[in-house]
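Written below as structure tokens is the structure these notes are about.
Below, read A as the first sequence line, B as the second, and so on, with proteins coming before strands; counting in each chain starts at 1. Remember, it's a predicted structure, so these values are computed and weren't measured experimentally.
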Amino acid sequence: MSDNIIPLSDCLNQIKQRRTPIAYHAGHYYTGAQFHAAVTAWTQRFKAQSTQDYALYTEAAYPFAVLLFALFHAGKKVWLASNNRPTTAQQLQQHCQLIGDWAAHEQFDYRLNSVDGLRPTVLSPLNTADTQLVIFTSGSTGVAKPVIKRLAQLQQEIITLEKNWGKQIANSEVLSTVSHQHIYGLLFRVLWPLFAGRCFHSQCYLNPESLIHNTQDETACWVASPAQLKRLTVDSPWKGISKLTAIFSSGGALPTSAAQQILQYSNQAVIEIYGSSETGGIAWRQQSTTWTLFNGISLMKNADQWQLTSPYLPESVLLDDQLSLQTNGQFILNGRLDRIVKIEEKRLSLTELEQCLLATPWLSDAFTLLISTHRDLIAAAVVLTDAGQQQLATLGRNHFIQQLRATLHQRFEAVLLPKKWLFFNSLPLTTQGKIDQTLLMQLFNADQTKLPQLQSVNSHLNNIELGLKVPASLIYFPNHFASYPILPGVVQIAWVAHFGKLFFTLDQPFLTMEVIKFAKLIHPNDELTLTLYWKPDTGKLQFSFSSSQGTHSSGRLIL
Amino acid sequence: MENELKQLIIDTLALEDMSVSDIDNHAPLFNEGLGLDSIDALELGLAIRKTYNVKIEAEKEEMVRIFSSITTLASYIETARTEGA
């Protein structure tokens, strides 16, 4: 109920009186008095420093809460970093002092059990209109943009959440598998529990098993995300899941199949929240394809974009999402307008990723795209510079790719790094001169039980050289000679037809073939060059599969 | 066991540019080593459960240790299987 909410401005002094624990951290429950003491001690330290802006990053949520409130009470501006990658640190260091777990392999001392704050101090109330949190998020132009949140805005959101679900979760402990360094985690697993008097777990659990194991038979709710929820299986800890008072999910849409599975196995109807760092929460849904707006929020069509008016925002905001509004005020989400994608709820600007690739000396052109196979991942189509060619020759493909990934990892989290790579002599274009995304999609999405792994494409007007690796996982190997796997000739012909049609955009089938020769066997894991030469005037496609051992096969297919 | 595990990793995570011989028994699986990410860990955990019937429900520090290399992961699975049997 909303009257359980403590005003944010004075929560520290009120939390101090609370009898129930406020957080569970590193195997211990912490009381409001301990929290108050730690915050007071840190507030005094921060007040003694002249720095005004701090970039806060911690692995665990309880020390985060301590530092956050201490910084607020010391009158500082807090920047919330979405990760602690070296490039993020560098960018933030330009205007902030870094605080928390920034250094790898080094533990920051949070002095959570320090006693020097235990003196009976009263912290003066916060001014919710002035206290600022800056969220640092990736923008569609490739430049990270700061979004300012005032404490008053966050308080509004918490009141709405408590009105909607406070009764349902009652006195549950709050456990989570998402980071508190993003707005969703910050609100749901730190601020909301603090102000509504619920105990939150400091650790971000790595999987549902650990989370359920740590509910310790207390009443609990789970602040989750689709990444975890869509990977639940028949033997997930359903008994524990069914006892939860609620499961929340945000950061991206939960597939209907996942929502249904959860309902079927645990009788839980997941509560999904739609929103963004810029806008805060916008709408929610539960076992439904349509979203319901939170109280006080409205949408209006403004040219091609939807304009959002929200009590959490000082002025209306244009949404980057496309949606269809129904007459009952509910809506369906239809994807984004710009080049921002989400990989496992982590937001990525493809433009920024490409800019980062092009900043290396090895690439002269790059295009990245989202591929949905068994999971969503990023694929990169790149053109090498001379230096890049040399590097590839020296290191080999595998190590060269690892080097590119390591460079990107300075800025991006591991989940966001491209997992598929294709080297081109020039990126394929459509007749309108745009990047041929349909072709790239087909090349990256190829079924690896039937087609080779494509590694490089050297294309000229009517001839093309493809660097291929023959996957051991092809279904043709066990079928042919079980103990002696070789690639059947008919499969080689099928591959020629497949790539010929794709690259020379032929839509008729090949009718005949001539001068076909199979000179050398092809084995699993062989690396081959497939050369295709298309003669439009005669309708003939000449091919050869070759490797360092010489020509494996050659011939012509005729339309 | 180590090579079997490497093949499981390659197949589960579709590491198409890797082969068993590319993976070092002692190199870290995450970050600067094989470069696996948190979702990979999740999927690998599921594959291990399916293949070896071994559940990994450890605390974070323990989890980091288990997944620190092929060798540590293999020995965790071996131990868990013996204890379970």
### Query
Is the number of heavy atoms from other residues, nucleotides or ligands within 6.0 Å of CG (B:Asn53) greater than 12?
no
### Message
At a heavy-atom distance under 4.5 Å, which candidate from A:Lys419, A:Lys469, A:Glu413 has the highest pair count against chain B?
### Response
A:Lys419
### Query
With only heavy atoms counted, which part of B:Lys55 is less than 4.5 Å from chain A, the side chain, the backbone, both or neither?
side chain
### Message
Is there a side chain to side chain contact (heavy atoms under 4.5 Å, CB included) between B:Arg49 and A:Ser236? Walk through the geometry before answering.
### Response
CA-CA 10 Å; B:Arg49 189 166 75 192; A:Ser236 290; 4.1 Å; yes
### Query
If you count heavy-atom pairs under 4.5 Å with chain B, which of A:Leu417, A:Leu416, A:Asn214 comes out on top?
A:Asn214
#### Entry: Residues, nucleotides or ligands: over 12 heavy atoms within 6.0 Å of A:Lys450 NZ
no
### Query
If you count heavy-atom pairs under 4.5 Å between each of A:Gln203, A:Glu59, A:Arg405, A:His213 and chain B, which one has the most?
A:Gln203
### Task
Before giving the answer on salt bridge (Lys or Arg N to Asp or Glu O under 4.0 Å), spell out for A:Lys346 and B:Asp37 the whole-Å C-alpha distance, their side-chain angles and the decisive distance to 0.1 Å.
CA-CA 12 Å; A:Lys346 293 191 196 303; B:Asp37 58 50; over 6 Å; no
### Summary
Looking only at A:Gln448, A:His399, A:Gln455, A:Arg375, the option with the highest number of non-hydrogen pairs under 4.5 Å against chain B is A:Arg375
## Note on the structure
chain A shares the most heavy-atom pairs under 4.5 Å, among B:Asp11, B:Leu46, B:Asp22, B:Asp40, with B:Asp40
### Query
With a 4.5 Å heavy-atom cut-off, do A:Leu206 and B:Ser38 have their side chains touching?
no
### Message
If I measure from the heavy atoms of chain B, does A:Ala227 come under 4.5 Å with its side chain, its backbone, both, or neither?
### Response
both
### Task
Would you please name every residue forming a side chain to side chain contact (heavy atoms under 4.5 Å, CB included) with B:Leu42, sequence neighbours left out?
A:Asn207, A:Gln228, A:Arg231
